[in-house]
Amino acid sequence: MTCTVLGGLLNADSQLDRSRNLNISMKHVFPTLFVFPSLVAMASGATVTWDSSGVDGNWSLAAGWDTGNVPVLNGTDDAVIDNGAKVTYVPGGDFAIGAGSSLSISGGSTWEQTVSNWTRVNGGEISLDGGTLSRTVGGNLVLGFEDGTGGTVTLSNSASLSVGGELWFGRNDNSFTNQVANVQLSGGSSISAGGDVGIWFWDTDASGNSMNLDFISGTEVMTVSGRVGRRNSGGANNSVAWETLWNEGVLTIDGGNAGSFADHFVTSGTVGTTSYQLQSIPIPEPSTGVIALLGGGLLLRRRRR
């Protein structure tokens with residue numbers, strides 16, 4: 001709106017007044033432009049950090065958080081546990097992370113749930129950077145518990161996700177659509193899922209649904225353990241092989257599925273059983289001799305210049 005008014009003024013003014021009006025108007029334009037970043041920041045959730053000096057504690061203990069308040073993960077706050085502590089959620093119901101909120105666990109810290117209420121991610125995010133999320137009993141971790149939602153989990157730097165129940169991509173309601181559930185592993189991280197079926201991919205081909213388990217290639221092995229199930233438009237709840245999910249683009253590496261499954265992964269155990277395991281094939285590190293040779297080549301190149 002400011003630019004439109006400015007244009008009108010410029011067209012209406014005489015040639016002699018143009019520079020004067022431009023200087024005056026620009027004083028109003030630039031403050032307007034610089035307001036937008038602050039508005040965006042104000043719309044973001046507040047970061048609430050566990051600050052009990054590495055002391056283990058109860059999630060619901062307000063004194064354990066730097067704000068003196070328990071994080072509200074319904075789009076209001078982002079929770080951070082980064083000081084090596086173990087924080088235990090003692091349920092007063094399911095643990096939920098809504099859109100606009102996140103749970104970040106790093107620095108050897110652990111978030112655990114020891115009672116069989118569920119963990120529901122409805123558009124929120126979980127980040128494990130050298131941290132652990134552990135559900136030691138039954139009850140599921142669901143990425144997209146509500147219709148039209150999903151969730152994101154990222155694991156890096158030898159992070160661990162352990163689910164005593166099942167890990168669900170989407171939910172077992174075939175009327176649900178537009179569920180987007182993504183999990184990404186890197187840096188030697190691992191996932192272990194129990195329950196009757198460790199990992200479920202629900203209605204992978206329903207309208208708007210997108211389910212993805214992505215590995216970032218690297219020099220360390222990444223592992224996913226547990227029986228795998230998949231339901232698609234056929235309506236049957238079937239055990240499925242990782243090779244099938246690779247061919248369908250549900251399992252990817254570096255965001256795609258170029259090449260063959262065997263180029264990137266190996267499996268062990270038996271499909272449809274709890275012994276089933278998926279491992280990434282690490283990229284070999286260059287040998288010392290190769291590095292030295294490359295370094296010598298660069299040195300010669302520099303000298304020739």
Side-chain angles (χ1 to χ4, degrees), residues 73-75 94-103 118-128 133 135 139-155 161 163 165-186 189 191-216 222 224-259 261 264-265 267 271-272 276 278 280:
L73 301 185
N74 61 0
D94 292 350
F95 185 84
I97 306 174
S101 283
S102 64
L103 171 61
W118 289 25
T119 301
R120 300 190 255 171
V121 183
N122 295 313
E125 300 179 9
I126 297 174
S127 173
L128 306 176
L133 188 150
R135 291 181 45 89
N140 302 332
L141 168 57
V142 183
L143 306 179
F145 188 86
E146 297 176 357
D147 190 12
T149 69
T152 300
V153 180
T154 57
L155 299 92
L161 172 61
V163 184
E166 300 172 350
L167 171 61
W168 285 10
F169 288 68
R171 186 178 165 191
N172 61 339
D173 186 329
N174 58 16
S175 69
F176 282 12
T177 58
N178 299 310
Q179 293 195 293
V180 179
N182 299 300
V183 176
Q184 185 181 81
L185 294 88
S186 65
S189 298
I191 295 174
S192 176
D196 294 333
V197 178
I199 303 172
W200 268 115
F201 296 89
W202 292 108
D203 304 309
T204 55
D205 56 355
S207 175
N209 283 5
S210 175
M211 318 291 181
N212 180 230
L213 175 62
D214 186 49
F215 287 68
I216 301 301
M222 291 164 283
V224 177
S225 303
R227 183 185 172 204
V228 185
R230 188 274 313 272
R231 181 175 73 186
N232 56 18
S233 57
N237 302 343
N238 296 319
S239 296
V240 65
W242 284 115
E243 290 89 340
T244 299
L245 295 173
W246 168 264
N247 293 333
E248 294 177 350
V250 174
L251 172 66
T252 59
I253 192 158
D254 298 328
N257 62 343
F261 175 86
H264 307 288
F265 299 101
T267 60
V271 176
Y276 196 38
L278 173 72
S280 64

Nearest atoms (heavy-atom pairs only) where [X] meets [Y]:
{"X": "Asn212", "Y": "Val250", "result": "ND2-O, 3.1 Å"}
{"X": "Glu166", "Y": "Val197", "result": "CG-O, 2.5 Å"}
{"X": "Gly75", "Y": "Ser101", "result": "N-OG, 2.8 Å"}
{"X": "Trp246", "Y": "Asn257", "result": "O-ND2, 2.9 Å"}
{"X": "Ser239", "Y": "Gly272", "result": "OG-CA, 3.5 Å"}
{"X": "Gly198", "Y": "Ala193", "result": "O-CB, 3.1 Å"}

All side chain to side chain donor-acceptor pair (under 3.5 Å) counterparts of [X], not counting sequence neighbours:
{"X": "Thr154", "result": "none"}
{"X": "Asn174", "result": "none"}
{"X": "Thr152", "result": "none"}
{"X": "Ser175", "result": "Asp173"}

[atom1]-[atom2] distance between [X] and [Y], expressed to the nearest 0.5 angstrom:
{"X": "Trp168", "Y": "Met211", "atom1": "CH2", "atom2": "CE", "result": "12.0 Å"}
{"X": "Ser192", "Y": "Ile199", "atom1": "OG", "atom2": "CD1", "result": "8.5 Å"}
{"X": "Ile253", "Y": "Phe215", "atom1": "CD1", "atom2": "CZ", "result": "7.5 Å"}
{"X": "Phe201", "Y": "Asn209", "atom1": "CZ", "atom2": "CG", "result": "13.0 Å"}
{"X": "Asn122", "Y": "Leu73", "atom1": "CG", "atom2": "CG", "result": "11.5 Å"}
{"X": "Gln184", "Y": "Ile216", "atom1": "CD", "atom2": "CD1", "result": "4.0 Å"}

Practice task
Using distance alone, with no hydrogens and no angle criterion, decide if Asn232 and Thr204 have a side-chain donor and acceptor under 3.5 Å apart.
Solution key: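 Short answer, no.
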Problem - Qualifying residues under ring-ring contact (aromatic ring centres under 6.0 Å, His included), relative to Phe176, sequence neighbours excluded - result: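 Once residues adjacent in sequence are excluded, Phe176 has no partner under the ring-ring contact (aromatic ring centres under 6.0 Å, His included) criterion.
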Mark yes or no for whether [X], through its side chain, and [Y], through its backbone, hold a donor-acceptor pair below 3.5 Å.
{"X": "Ser189", "Y": "Ser186", "value": "yes"}
{"X": "Glu125", "Y": "Ser102", "value": "no"}
{"X": "Ser280", "Y": "Met222", "value": "yes"}

Handout entry: salt bridge (Lys or Arg N to Asp or Glu O under 4.0 Å) partners for Arg120, two or more places apart
Key =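 For Arg120 the salt bridge (Lys or Arg N to Asp or Glu O under 4.0 Å) partners, ignoring immediate neighbours, are Asp94.
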Is the shortest side-chain heavy-atom distance between [X] and [Y] below 4.5 Å?
{"X": "Asn172", "Y": "Trp200", "answer": "no"}
{"X": "Asp214", "Y": "Asn182", "answer": "no"}
{"X": "Trp202", "Y": "Gln179", "answer": "no"}

With sequence neighbours left out, what residues match [X] under side-chain contact (heavy atoms from CB on, under 4.5 Å)?
{"X": "Ala99", "result": "none"}
{"X": "Val163", "result": "Arg135, Leu141, Leu161"}
{"X": "Thr267", "result": "Trp242, Glu243, Phe261, Tyr276, Leu278"}
{"X": "Val183", "result": "Leu143, Val153, Leu155, Phe169, Leu185, Ile191, Leu213"}

Problem - Residue pairs fulfilling salt bridge (charged side-chain N to carboxylate O under 4.0 Å, His left out) with at least one residue in residues 245-258, sequence neighbours excluded - result: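 Passing the test, one end in residues 245-258: Arg230-Glu248.
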Practice task
Sequence neighbours left out, what pairs pass salt bridge (charged side-chain N to carboxylate O under 4.0 Å, His left out) with at least one residue falling in residues 143-154?
Solution key: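 Found none.
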